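Keep in mind that this is a model prediction, so the values were computed, not measured.
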Amino acid sequence: MNEADAGTGMSEFQNRGRLASASLDRSIERPWVVLKQTLLVTALILLPLFYTVVPPLEDYPNHLARMQALAGIPGNESLSRFYEVAWAPIPNLIMDLIVPPLVPFFGVYTAGRIFVGLTLLLMLLGPMLLHRTLDGRWSAWPLVGGLFVYNGFLFTGLMNYLFGVGAAVLGLSVWIRLCGKPVVIRALASLAFCTVLYVCHLSALGLYGLGIASFEFWRLWTQKAWKPAPLLRSALALGVPFLPFLYFLVTSPTWGLSHDIIWESQGKFEAVTLFLSVYSDITDIPFLMLIAIAIGIAVKRGLVSFHPAGLIVAGVLTLAFLAMPRMAFGSWMADQRIVVGIFFMTLGFISVDLKRLENHNAFFAVCLVAIAFRVVDVSAHWVAISQPLQELKSSLRLMPLGARLLVTQADDPAEGAVDAALSHAPTLAVIERSALVSRLFVVPGKQILRARPEYSGHVDTEDGDTPRISQIIVAAEEEEGSAEGPRYWDRWTEFYDYLIVLGTDSDETSNPAPDLLKIVHNGRGFQLYKIRKDA
């Protein structure tokens, strides 16, 4: 089969979608109606960002503080004294490229929320464009993805990857749209998406690669295009755009983390529950049961159809999910995060025959109410969580500009949504006081922000666990340091100015080391101390 034949086959496939949509009542899903429905859902999912200064996503404050450092280093004496930028082709840069240029215009807090909003929109709209490409018509059906843009992986703060998931789904839709086009056009388009996805996250790039390879296999199989020429063209279009990024990866600092691999058989099912759940089982379980019932009824009545290429894509991604290690290139949850990609990429391959519904407007109304319920649940928890987070943020302003802050945690730290949101909140001292913070993300191979050489020995450069306060107190009594080797908190009483303990009980006001520490603020879930220099 030659290139023209392949193009004809793909055109016939797209025409079948258009003919099928033409048989539907055009009053059901006119483009302008779908547009209004999309705008309505978009407004709903973005609503929490308008009244939350710092979205309580676990890693997000740390990323936001890095954005402030990247934007402020050129003109901030304290930040430029503590930190420097080491540009490298690291596959974790999309937030670093988008947010810092926005900071002078909007401020870091608003710029960060703009990025979060773009991430949510990409996850919402990517399946819509994919469905439009496959089915030949705009449909509001993929808007049900709005039910899951708020998920446990977002709450963990995997911002760059989630941005990449939306971009990967868009890339797959463009790949399908260009089926049958000359190899050069397809390769150049794929190269553009590979560039974006590489700077998002390696997992996002892999998601895209598996998606387009699976679809290409289905296309060649259905068209019986097994002659050398079409196979070679497909291989070139598929493989060549990825080669430059293999080179970038091997030559980047990230390659030094290639040995950081951990495979765990447990936790695969946990990834599904993490994706589906929000904050409370009381609301999550009934919500998910209703969704399961609705899906069962729709399948039983024959309202749902699954594009055959989608079955292959979903199958391949599922196998990748099962085979992936828990940690790859030093990135934790490497396998679990694939669940997000499976859902949003698969969603675009599903169609619902709204004509056979007795009341399609009621269908959308139910979906809208469900999304609103989800958003209200998230909003209510964000309001509650934001109060202690805002308290911690305000307490950091009690430190002078250019202070040095050591982050620790209680020996028996509390666990919960509030504590998870506070776990990286001390890094906001970078924003509020241009401070050096021991737990700011400055890991070579993972970030381009680095602590300057004279300070790198006093900050976490390995993305390790937060030290417990008892470890810190013992370290103060060790004159020669630990027998296990140097730690960044050794001789902390001499280097740092302030210390914060996370995971504390607000009713417990005892000072763990009165001779070393002076209480500055006892807050909900944290205690801020000034280090006594006369100790």
Kindly indicate, with the supporting measurements, whether the criterion side-chain contact (heavy atoms from CB on, under 4.5 Å) is fulfilled by Phe115 and His63.
CA-CA 11 Å; Phe115 182 81; His63 292 305; over 6 Å; no
Walk me through it: do Thr427 and Val407 pass the test side-chain contact (heavy atoms from CB on, under 4.5 Å)?
CA-CA 9 Å; Thr427 57; Val407 182; 5.9 Å; no
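- Distance alone, capped at 3.5 Å, is enough to place a donor-acceptor pair between the Thr273 side chain and the Glu270 backbone.
- The pair Arg524-Glu391 does not count as a salt bridge, with every side-chain nitrogen at least 4.0 angstrom from each carboxylate oxygen.
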Steps toward ring-ring contact (aromatic ring centres under 6.0 Å, His included) verdict (Phe441, His424):
CA-CA 10 Å; Phe441 287 147; His424 290 273; 5.2 Å; yes
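- Ion pairing between a basic and an acidic side chain is recognised when a charged N comes within 4.0 Å of a carboxylate O; Asp460 and Arg439 show such pairing.
- Listed here is the closest heavy atom pair of Ser203 and Arg337: OG-CD, 3.9 Å.
- Using a 4.0 Å cut-off between charged side-chain N and carboxylate O, Asp96 and Arg66 make a salt bridge.
- Using cut-offs of 30° and 60° for the angle between ring planes, the Phe275 and Phe148 rings count as parallel.
- Using cut-offs of 30° and 60° on the angle between ring planes, the pair His381 and Tyr279 is parallel.
- Scanning all heavy atoms of the two residues, the minimum distance from Met345 to Ala168 falls at CE-O, 3.9 Å.
- Across Leu422 and Leu392, no two heavy atoms sit closer than the pair CD2-CD1, 4.1 Å.
- Residues Ser379 and Tyr51 have side chains that bring a donor and an acceptor to within less than 3.5 angstrom of each other.
- Judged by distance alone, the side chain of Ser438 and the main-chain N or O of Val459 form no donor-acceptor pair under 3.5 Å.
- In this structure, Lys446 and Phe329 approach most closely via the heavy-atom pair CE-O, 4.4 Å.
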Leu406/Thr408 under side-chain contact (heavy atoms from CB on, under 4.5 Å): CA gap, chis, key distance, verdict:
CA-CA 7 Å; Leu406 175 61; Thr408 70; 4.1 Å; yes
